[in-house]
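To keep things clear, I will list the structure first and then write my remarks on it.
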There are 2 protein chains.
Amino acid sequence: MRDTGMGAGLGGESLLFLTDEQLRQGIEAMFFAYRGFTADPDRILTDMEYGRAHHRAVHFINRAPGTTVNNLLNILGVTKQSLNRVLRTLIADGLVESRVGHSDKRERHLYLTDAGRALEQQLSDAQRARMRTAFREAGPDAVGGFRRVLEAMMDPEMRRAYARLKENGT
Amino acid sequence: MRDTGMGAGLGGESLLFLTDEQLRQGIEAMFFAYRGFTADPDRILTDMEYGRAHHRAVHFINRAPGTTVNNLLNILGVTKQSLNRVLRTLIADGLVESRVGHSDKRERHLYLTDAGRALEQQLSDAQRARMRTAFREAGPDAVGGFRRVLEAMMDPEMRRAYARLKENGT
DNA sequence: CAGCTTACGTCAGTGTTGTTGACATTCCAA
DNA sequence: TTGGAATGTCAACAACACTGACGTAAGCTG
């Protein structure tokens, strides 16, 4: 762990800091913030035939074009049957394209079509706008802390998936 | 907005900071972290007959004992039909008590029973443990940033609800 | 008091999203 | 080549959200 990196002088203070009340406030902050986080895309999606699951699929396909169903499954943390229902409608509506794997024909590689990219853009614009406002309001210093705490809150497996996507984007 | 509060000297840097890539990473961090955030209570709840909705109800009733149904509705952001289904089972199972209002007899005031408090304790222990570990790992400085960004991400209405609960806990 | 509103509960119907179970196809290795 | 593992699809079901409609009790107001 990185506890030692905090310096000995902070030991007492950090213990004092983590009162039950502070932790409870952190929990509630996560709850309320996540609501805000999903509110804008949700509004857009309900007008269409889609839900939050479609948003997630579109987001990560855009993020890692050519990804396989199995890979997407691990990232999203749902069963393949659940994902498949979503993918089926997205493919039927011409937002996602599924190409049979070249080397392994069992695999399907997923890509956004132009229409899919347009939807992703619309959804992500709304979500990024809120994130941008929040980052600006909280100040540059806060953003690092925000990201560090969130990363530490992830399950190790998800943490690795997150890191892989970060590299992807660079 | 509070943009001006950041000082003129940070303008360029903050603009540089908020690249699309940074924002997308923030979005993905929220997604993965929220999964971790709910994972432990979810595991406990599936063993019982309950779901995440029951957890939320129990959490906020514990947090604001004597709260009314209407108040809880606003905090949770669900329909009364949806909340009622949850409350009905919790009351039937003896985890929540519903008392008719003293001054306004239309209102029902909600309290946890001893059994309800026990469940809340069990769930919140797990969730707080993860939060504590994350806070420790990220360091004391990060916690402030974490909270500031989350608060800025909330809808104004939820922000007020959050602030009210914070005062409650003090 | 009469009529309107508020707070709460409930019944019925629907949609999204998760689950398990069963199955087809493809790959690979014994 | 045969059997097992991996990948993906189809079908049925459960949880939990939603809307809409209705009923009851209590408060408020003219």
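Order of the sequence lines sets the chain letters (A, B, ...), proteins ahead of strands, with each chain counted from 1. If you're wondering where the values come from, they're calculated on a predicted model, not measured in any experiment.
The side chain of A/R52 contributes no N or O atom lying less than 4.0 Å from OP1 or OP2 of C/dT17. At C/dC8, one or more side-chain N or O atoms of B/N70 fall inside 4.0 Å of OP1 or OP2 (strictly under the cut-off). A sub-4.0 Å separation between OP1 or OP2 of C/dT17 and a side-chain N or O of A/H54 is present. Between B/N84 and C/dT10 there is a side-chain N or O to OP1 or OP2 distance below 4.0 Å. At the phosphate of D/dA25, neither OP1 nor OP2 sits under 4.0 Å from any side-chain N or O atom of B/R108. Residue B/T79 places at least one side-chain N or O closer than 4.0 Å to OP1 or OP2 of D/dC18.
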Output a table of donor-acceptor pairs, distance under 3.5 Å, between side-chain atoms of residues 66-77 of chain B and any protein atom two or more places apart or on a different chain; print 'none' if there are none.
| unit_1 | atom_1 | unit_2 | atom_2 | d |
| --- | --- | --- | --- | --- |
| B/T67 | OG1 | B/N71 | ND2 | 2.7 |
| B/T68 | OG1 | B/N71 | N | 3.2 |
| B/N74 | ND2 | B/N70 | O | 3.4 |

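Between the side chain of A/T113 and the main chain of A/L95, a donor-acceptor pair closer than 3.5 Å is present. No donor-acceptor pair closer than 3.5 Å links the side chain of A/R52 to the backbone N or O of A/D42.
Protein atom CG of A/L76 is 13 Å distant from nucleotide atom P of D/dG8, rounded to whole Å. Between A/Y50 atom OH and D/dC18 atom C1' the separation is 20 Å, expressed in whole Å. As rounded to whole Å, 16 Å separates atom C1' of C/dT16 from atom NE2 of A/H55. When rounded to the nearest whole Å, the span between CD of A/E49 and P of C/dT14 equals 15 Å. Rounded to whole angstrom, the span from the CG atom of B/L45 across to the C1' atom of D/dC16 amounts to 14 Å. Distance A/D47 CG to D/dC18 P: 16 Å, rounded to the nearest Å. Rounded to whole Å, the distance from NZ on B/K105 to P on C/dT5 is 24 Å. For the pair B/L87 CG and C/dT10 P, the computed distance is 10 Å after rounding to whole Å.
Other residues, nucleotides and ligands contribute more than 12 heavy atoms inside 6.0 Å of the CD atom of B/Q121. Counted within 6.0 Å of CD on B/E157, heavy atoms from surrounding residues, nucleotides or ligands total 12 or fewer; the atom is thus considered open.
Within the nucleic acid shown, A/K80 comes within 4.0 Å of at least one base atom, counting heavy atoms only. If you check every strand for non-hydrogen atoms under 4.0 Å, A/T46 touches nothing. A/G77 comes within contact range of no nucleotide atom at all, as no heavy-atom separation falls under 4.0 Å.
For B/R106 against C/dT6, a side-chain-to-base donor-acceptor contact under 3.5 Å is present. Between the side chain of B/R85 and the base of D/dA17, a donor-acceptor pair under 3.5 Å is found. Taking only distance into account, the side chain of A/Q81 meets the base of C/dG21 through a donor-acceptor pair shorter than 3.5 Å.
Residue whose closest nucleotide on DNA chain C sits further toward the 5' end, between A/S82 and B/H109: B/H109.
Ion pairing of B/R35 with A/D155 is absent here, as no side-chain N (NZ or NE/NH1/NH2) approaches a carboxylate O to less than 4.0 Å.
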